[in-house]
Number of protein chains: 2
Amino acid sequence: MLDQRDRRIVEYLQHDADMPVTDLADLVGLSASACWRRIKSLEESGLITRRVALVDRRKANVGMTVFVAVRTSRHSIEWLESFRSAIADIPEIVEAYRLTGDMDYLLRMVVPDVEVYDAVYKQLIARLDFTDISSFIGMEELKYTTAVPMNYLI
Amino acid sequence: MLDQRDRRIVEYLQHDADMPVTDLADLVGLSASACWRRIKSLEESGLITRRVALVDRRKANVGMTVFVAVRTSRHSIEWLESFRSAIADIPEIVEAYRLTGDMDYLLRMVVPDVEVYDAVYKQLIARLDFTDISSFIGMEELKYTTAVPMNYLI
DNA sequence: GGTGAAATCGTAGTGGT
DNA sequence: ACCACTACGATTTCACC
């Protein structure tokens with residue numbers, strides 16, 4: 001269904017979303033209109049969800065990354081739902097996953113400094129109870145990309 | 001230097017990068033040309049770095065997230081550099097951080113399944129030696145956003 | 001300094017071959 | 001896939017505060 005050209009279109013758009021359609025068409029060896037139709041269909045199919053602007057974290061003064069691993073003893077649906085809504089409400093939390101293993105949940109936060117981290121931490125424990133929280137400060141970001149590999153398409 | 005309107009512009013663009021300038025101008029209460037100039041200056045200052053297309057991980061067949069915590073005894077610059085280049089080369093690794101604490105490094109990978117995870121794992125250990133590797137499989141993505149909070153701007 | 005309105009220009013999007 | 005055309009939104013200009 002999706003061929004090599006679709007993959008390449010997505011690969012390029014994952015790195016630069018406002019490349020002109022004509023340029024992209026040249027890169028993948030397609031006419032502009034053919035390329036345009038493919039982009040639209042990739043968007044309609046939902047493979048491409050949206051286009052966003054990325055921000056320099058340092059310049060936005062949230063250069064500090066903190067990972068927070070939390071565990072809970074309350075393994076109910078209700079707990080999960082209120083955890084989920086707490087996470088959604090706190091903009092400093094940019095990622096959150098439920099994990100296998102003994103960690104339960106892993107959060108990634110971006111904050112200006114430890115003081116703000118502490119404030120967010122307090123917000124969190126005010127809303128929910130955790131049996132264990134441990135945090136790891138990111139000293140250096142070695143890699144961060146929003147681009148996912150396109151070579152596993154079915 | 002940056003006022004409330006600049007913040008709001010960035011907030012909107014972080015969620016939808018191809019909103020027409022006129023719409024954005026209305027939202028922040030500016031004329032289209034004034035809004036346009038601010039966007040350009042935000043891009044030139046480097047606060048807005050670029051615009052990218054986001055992809056549905058499931059539909060790209062990389063629905064599985066694995067966190068890999070690695071430790072090393074080789075704390076040299078050389079080791080770090082070859083680690084960095086290994087990470088850069090492997091597209092399944094989408095994030096990598098050097099941490100405080102006893103974890104040393106934390107990687108986030110996106111893969112189709114455990115088989116592919118294992119293959120990537122083998123690639124990694126073929127290129128570098130680690131004293132310890134532990135992995136955590138993400139069972140559920142509770143939150144993932146590329147948008148960082150704009151309320152800490154200096 | 002920054003703004004807003006109008007004029008221009010370029011490219012996305014449409015339709016036909 | 002290509003071409004011609006249209007329509008809209010991105011830039012530019014300029015007068016203004």
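- Between the CD1 atom of I39(A) and the P atom of dA12(C) there is a distance of 9 Å, given to the nearest Å.
- In this entry the distance linking CD1 of I9(B) with C1' of dA10(D) reads 15 Å, nearest Å.
- Defined by atom type and a distance below 3.5 Å, a donor-acceptor pair is present between the side-chain atoms of E92(B) and Y152(A).
- Residues R108(B) and Y97(A) have side chains that bring a donor and an acceptor to within less than 3.5 angstrom of each other.
- Counting to the nearest Å, the C1' atom of dC8(D) and the CG atom of L24(B) are 17 Å from each other.
- Distance CZ (R38(A)) to P (dA12(C)): 18 Å, rounded to an integer number of Å.
- When the P atom of dG10(C) is taken as reference, atom CG of D23(A) falls 15 Å away, rounded to whole Å.
- Each of M19(A) and S33(A) has a nearest nucleotide on DNA chain C; the 5'-most of these lies closest to M19(A).
- Between K40(A) and S31(B), the one whose closest nucleotide on DNA chain C sits nearer the 5' end is S31(B).
- Between R98(A) and E141(B) no salt bridge is recorded (no basic side-chain N to carboxylate O distance below 4.0 Å).
- Distance from the side chain of V21(A) is smallest for dA12(C) among the nucleotides dG9(D), dA1(D), dA12(C).
- Between the CH2 atom of W36(B) and the C1' atom of dA5(C) there is a distance of 16 Å, given to the nearest Å.
- Across the protein-nucleic acid pair, L30(B) atom CG and dG1(C) atom C1' stand 14 Å apart, rounded to whole Å.
- A salt bridge does not link D18(A) to R50(B): none of the charged side-chain nitrogens sits closer than 4.0 Å to a carboxylate oxygen.
- Atom-to-atom, CG of D18(A) to C1' of dT11(D) comes out at 15 Å; the value is rounded to the nearest Å.
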